[in-house]
Visitor: 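Take this structure, written in structure tokens, and hold onto it; I'll ask about it next.
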Amino acid sequence: MTTLPSAYQPSQVEERRYAQWLEAGYFTADAHSDKPPHTIVIPLPNVTGSLHMGHALDHTIQDAITRRRRMQGYEALWLPGMDHAGIATQNVVERQLAAEGLSRHDLGRERFVERVWRWKEESGGMITGQMRRLGNSVDRSRERFTMDEGLSLAVQTIFKRLYDDGLIYRAERIINWCPRCMTALSDIEVEHQDDEGELVSIRYGDGDRSIVVATTRAETMLGDTAVAVHPDDDRYRHLIGTEVEVPLTGRRVPIVADDHVDPEFGTGAVKVTPAHDPNDFEIGQRHGLPSLTIMDERGVITASGPFEGLDRFEARPAIVAALREQGRIVAERRPYVHAVGHCSRCDTVVEPRLSLQWFVRTGPLAKAAGDAVRDGRVRIEPPEMTKRYFDWVDNMHDWCISRQLWWGHRIPVWYGPDGQMVCVGPGEEPPTGEGWRQDEDVLDTWFSSALWPFSTLGWPEDTPDLRKFYPTSVLVTGYDILFFWVARMMMFGLYAMKDRAPEDAVPFRVVALHGMVRDEHGKKMSKSFGNVIDPMDWIERYGADATRFTMARGANPGSDVPVSEEWCAGSRNFCNKLWNAVRFALLHGAHTNGPLPEPSQCTAVDRWILSRLQQVITEVDAQFEAFEFAKVCDLLYHFAWDDVCDWYLELSKPVLTGDDPAAAEPVRRVLGHVLDQLLRLLHPIIPFVTDELWTALTGGESVMIADWPTADPRWQDPAAEAEVATLQKVVTEVRRFRADQGLRSGQRVAAQLHGLAEAGISDHEPLIRSLARLDQPGEGFTATGTLAVTDQVTVALDTRGAIDVAAERARLTKDRAAAEKEAAGCRAKLSNEGFLAKAPEEVVAKVRQRLATAEAELARIDAALAALPES
RNA sequence: GGGCGCGUAGCUCAGUGGGAGAGCACCCGCCUUACAAGCGGGAGGUCGCUGGUUCGAAACCAGCCGCGCUCACCA
């Protein structure tokens, strides 16, 4: 028999266990097995990233799901990998270059990309090693990277198909431009923040032909090609069709009527800058206005004149000053707080910019993505999130997918010398010859991420993996990337797999969304708050299991998860509690050999814990299915700690440590079984300590490959549960009395127990005596205190002295008040005709029962009070 | 501005139509040989406010107050 140290030491266990699991190949899924598949693809972390608390939560959930499915007999695949993270990675390497005084342009495209690859090999993917420390049972033999050969082929394949289907197009549009990253961004890569600006009203033109417009971006007036008003606005009706001069430019522009203008806002007249504002662009389209680009890709004014060469934020006040000088500033509102778009990568203010870019026509794809949820092929958990999903897919703009970066999948389109454009599919040779060149841009990182559920399984080849493991079973991720990733996987998955039956084309059956990890006060973790916790730090100090348990324990579906070091310490304590429970059990011969004894050979205590176990198995299973990990943890925590440790082990101690092997044997077997099952149930959440303990307890190979428990209704035993409940009440009441009377726990007290037979618990008298520390009455026994515990059981104690009557009276008085309140509440209900008429019968019966109990309680307390000597 | 969500014990949160709960923190007593990372006992809440529905509301509805998240082309 293994001897275990007296405290659980994660560092002695984790690395060794993980190596064994790997060695045994438990994580490697078999595409050719007969088992039903269960697939999770990991939300691909950035290659630049290291493991943070968000991953710890996300991975704990996925590992728990995967481990349980594996135990349930599924061919469970958890597929890991990483994202090349276009902008983020390029930024990292560019910063390195900058430290050497270089820019990527000094290296040129080819050498720069080589350099990024080298960075990736040397310093990227730190997270992979950290996932091992968390205990993740990912199948590393299937690990993928979005820039690897297979995935690049998948990208090219789907691009070509979408292009040929007219779902990818190139067009000049207003896009979000980051002047620092020098690339286009999609709508969701822009974060709106409330910034302080200034709303200035500027007079265009002179005299009665003048018109006042309002703007927060005065510098864009250099590119104005019209002023727009609402067609029904009487103030300006007479001006429609006339021309007005744009100050500082000498340019005369038309005044046009457009429904888009809100007459209520500002002056009701809008300056129109088609090249630098999305709305204005559309107005320009409708009215055939020219687009004047007045700013370059760095945000520097290019319009010739006094402002040329100024940065946009220098030009703005300069232009306002010039206008003021001319007396054209009619009004200024400052500060004027309004939402301004910022680059989600570098926080630079985004500049709307007219630019030639590639787009995905999202209409039909988004429709399909919405329908898959609408018709139930994909379920979103928790359901409240579904509306957000619909809001987005039903109102999606076309997706700008080209990025002016070097790190990423290059757009597979070649341009010819005479304006030809050829999209090159996989296996096709790009056109050669004078003047042909490939598009310079790369694809949005999220483009390849959108293929993740099938590109990782070998698509576009028809591989065994793809056949076995697609669609994936559940996608686990934070609600923050519902739009970035989930909706796009839906669009591309349904599109790429459209040859399959509709229910099997979806990328996943269920989307299980969790929240964000926050600090103990619910605040976002951020470097500026200084409240960031490194999960590796917790793993070092409290162990991976404690870290995981803390995550799972806070994981209510869709809601944020506050964590703190104290809670992690609590989780560590729980692991240690389990450790010591098993240690104790092994010390006293608990085992899992042979079948369980028949119920008739078991004591009521054994039948009680087995009955409880069945309930816990059933409930834990249901909560797992509902992604209610916090409830799974809560159930198991209390079953393990309260039922098993505090009661069952204590109740079993006398027989286990006694000298009657025949009596001890069934208990050893039952205890072994209960712990065996408990460890299995806990294994998905806390894999290391459970495997260490389970193998020590059972001698089995690993709990990882043990069967998942199923409830056995034969062991349900309400009678045993009632019996133990009474026993517990007697023990608890005696303990209360002892505490109130200041009797030390080591102090033996003689007592007579009356009414145990009537209460059906006379078998348990020795147990009650042992747990309540009551001796047999001896010579000269004098009952100085009498406790009425239930309406049947009373305990007469010889406290070897007068009891503290005041304390006893105080306790009884308090109990009496509670009972009185309870009784009064019940009586009120039972005298209510409406209640009697309308409430369900079982509710009424329950209230009657409660009243009877309360009244018996009252009678008992009154008797006890009357029996108290005068103080 | 639109949408969503939250307000329950000191803190963080469960509970969503019939007896107010958990963890941590707190108070009292214990080194009772599995565990002091522990054991036993205890205190603490007009469930944000107001009204409504109901025999019955922490839960359902309306309004209000406070907070958070999210989307957004009012220049």
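All heavy atoms count here, side chains included; hydrogens, waters and symmetry mates do not. To find a chain, count down the sequence lines: A is the first, B the second, and so on, and within it residues start at 1.
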Visitor: Paired with B:U53: which nucleotide, if any, by Watson-Crick or G-U wobble criteria at under 3.5 Å for both distances?
Guide: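 Answer to the pairing question: none, since B:U53 forms no Watson-Crick or G-U pair.
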Visitor: For B:G15, does either OP1 or OP2 sit under 4.0 Å from a side-chain N or O belonging to A:Lys631?
Guide: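 It does, given that an N or O in the side chain of A:Lys631 lies less than 4.0 Å from OP1 or OP2 of B:G15.
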Visitor: When you measure from the side-chain N and O atoms of A:Trp641 to the phosphate of B:C39, is any distance below 4.0 Å, counting only OP1 and OP2?
Guide: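 For B:C39, OP1/OP2 do have a side-chain N/O of A:Trp641 under 4.0 Å.
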Visitor: Within the pair A:Arg738 and B:G41, is there a side-chain N or O less than 4.0 Å away from OP1 or OP2?
Guide: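 Result: no.
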Visitor: Rounded to whole angstrom, note down the C1' distance from B:A14 over to B:A72.
Guide: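 B:A14 and B:A72 have their C1' atoms separated by 35 Å.
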Visitor: It should be established whether A:Tyr542 places a side-chain nitrogen or oxygen under 4.0 Å from OP1 or OP2 of nucleotide B:A37.
Guide: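 Checking A:Tyr542 against B:A37: no side-chain N or O falls below 4.0 Å of OP1 or OP2.
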Visitor: According to a strict under-4.0 Å criterion, is A:His192 in side-chain N/O contact with OP1 or OP2 of B:C73?
Guide: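 So the side-chain polar atoms of A:His192 do come within 4.0 Å of the phosphate oxygens OP1 or OP2 of B:C73, strictly under.
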Visitor: For the pair A:Val190 and A:His192, evaluate side-chain contact (heavy atoms from CB on, under 4.5 Å) and give the outcome as yes or no after the intermediate values.
Guide: CA-CA 6 Å; A:Val190 175; A:His192 288 86; 4.3 Å; yes
Visitor: For nucleotides B:A62 and B:U53, find the distance between their P atoms and express it as a whole number of Å.
Guide: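 Per the computed distance, 15 Å lies between those P atoms.
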Visitor: Could you give the distance separating B:C13 and B:G7 at their P atoms, to the nearest angstrom?
Guide: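 After rounding to an integer number of Å, I get 10 Å for this pair.
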Visitor: Have a look at A:Trp392 and tell me which of A:Tyr479, A:Phe484, A:Trp399, A:Phe483 forms a ring pair (Phe, Tyr, Trp, His ring centres under 6.0 Å) with it.
Guide: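 Only match with A:Trp392 under ring pair (Phe, Tyr, Trp, His ring centres under 6.0 Å): A:Phe483.
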Visitor: Hey, is the side chain of A:Glu628 pairing donor to acceptor with the base of B:A14 inside 3.5 Å?
Guide: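 No such pair is found, so the answer is no.
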Visitor: Which listed nucleotide (B:A37, B:U70, B:C73) is nearest to the side chain of A:Asn279?
Guide: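 Between B:A37, B:U70, B:C73, the one nearest the side chain of A:Asn279 would be B:C73.
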Visitor: Could you tell me how far B:G10 sits from B:C4 if I compare only their C1' atoms? Round to whole Å.
Guide: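 The answer is 30 Å between these two C1' atoms.
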Visitor: How far does the P atom of B:G1 sit from the matching atom of B:A20, given to the nearest Å?
Guide: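 B:G1 and B:A20 have their P atoms separated by 41 Å.
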Visitor: With respect to the phosphate group of B:G41, does any side-chain polar atom (N or O) of A:Arg736 fall under 4.0 Å of OP1 or OP2?
Guide: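 No, outside the criterion.
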Visitor: Do A:Asp391 and A:Lys387 meet the salt-bridge criterion of a basic N to acidic O distance under 4.0 Å?
Guide: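 A salt bridge links A:Lys387 with A:Asp391.
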Visitor: Just by distance, no angles: are the side chains of A:Thr273 and A:Lys271 close enough, under 3.5 Å, to form a donor-acceptor pair?
Guide: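 Present: a donor and an acceptor within the cut-off.
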Visitor: Reckon A:Leu199 touches a base, only the sugar-phosphate, or nothing at all at heavy-atom distances under 4.0 Å?
Guide: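 Result for A:Leu199 = nothing.
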Visitor: Taking only the P atom of each, what is the distance from B:U8 to B:G15 in whole angstrom?
Guide: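 Those two atoms are separated by 14 Å.
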Visitor: With a non-hydrogen cut-off below 4.0 angstrom, is A:Ala585 in contact with a base, only sugar-phosphate, or nothing?
Guide: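 A:Ala585: no heavy atom of the nucleic acid under 4.0 Å.
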Visitor: Does a side-chain N or O of A:Lys653 approach OP1 or OP2 of B:U32 to a distance below 4.0 Å, or not?
Guide: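 For A:Lys653, the contact criterion (side-chain N or O under 4.0 Å from OP1 or OP2 of B:U32) is not met.
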Visitor: Just wondering, are more than 12 heavy atoms of other shown residues or ligands nearer than 6.0 Å to CG in A:Asn395?
Guide: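 Counting other residues, nucleotides and ligands, CG of A:Asn395 exceeds 12 neighbours.
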Visitor: Taking the same atom, P, in B:C28 and in B:A43, what whole-Å distance lies between them?
Guide: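 It works out to 15 Å between them.
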Visitor: For B:C39, does OP1 or OP2 lie under 4.0 Å from any side-chain N or O of A:Lys577?
Guide: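 True: A:Lys577 side-chain N/O within range (under 4.0 Å) of B:C39 OP1/OP2.
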Visitor: Which nucleotide, in any strand shown, forms a Watson-Crick or G-U wobble pair with B:G19, with both distances under 3.5 Å?
Guide: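 Looking at the geometry, B:G19 pairs with no nucleotide.
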Visitor: Report which part of the nucleic acid A:Lys838 touches: base, sugar-phosphate, or nothing (heavy-atom distance under 4.0 Å, all strands).
Guide: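 Contact class for A:Lys838: base.
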Visitor: Which base, if any, makes a Watson-Crick or G-U wobble pair with B:G68, both distances under 3.5 Å?
Guide: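 When the pairing criteria are applied, B:C4 turns out to be the nucleotide that pairs with B:G68.
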Visitor: Is the number of heavy atoms from other residues, nucleotides or ligands within 6.0 Å of CZ (A:Arg312) greater than 12?
Guide: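 Atom CZ in A:Arg312 is crowded, with more than 12 foreign heavy atoms closer than 6.0 Å.
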Visitor: Please confirm whether the shortest side-chain N or O distance from A:Asn573 to OP1 or OP2 of B:C35 is below 4.0 Å.
Guide: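 Answer no for this pair, as no side-chain N or O of A:Asn573 is under 4.0 Å from OP1 or OP2.
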Visitor: Can you tell which of B:C69, B:G19, B:C35 lies closest to the side chain of A:Arg583?
Guide: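 Of all the options, the side chain of A:Arg583 is nearest to B:C35.
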Visitor: Under 4.0 angstrom, heavy atoms only, what part of the nucleic acid is A:Phe737 near: base, sugar-phosphate, or nothing?
Guide: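 No contact at all - A:Phe737 keeps every heavy atom at 4.0 Å or more from the nucleic acid.
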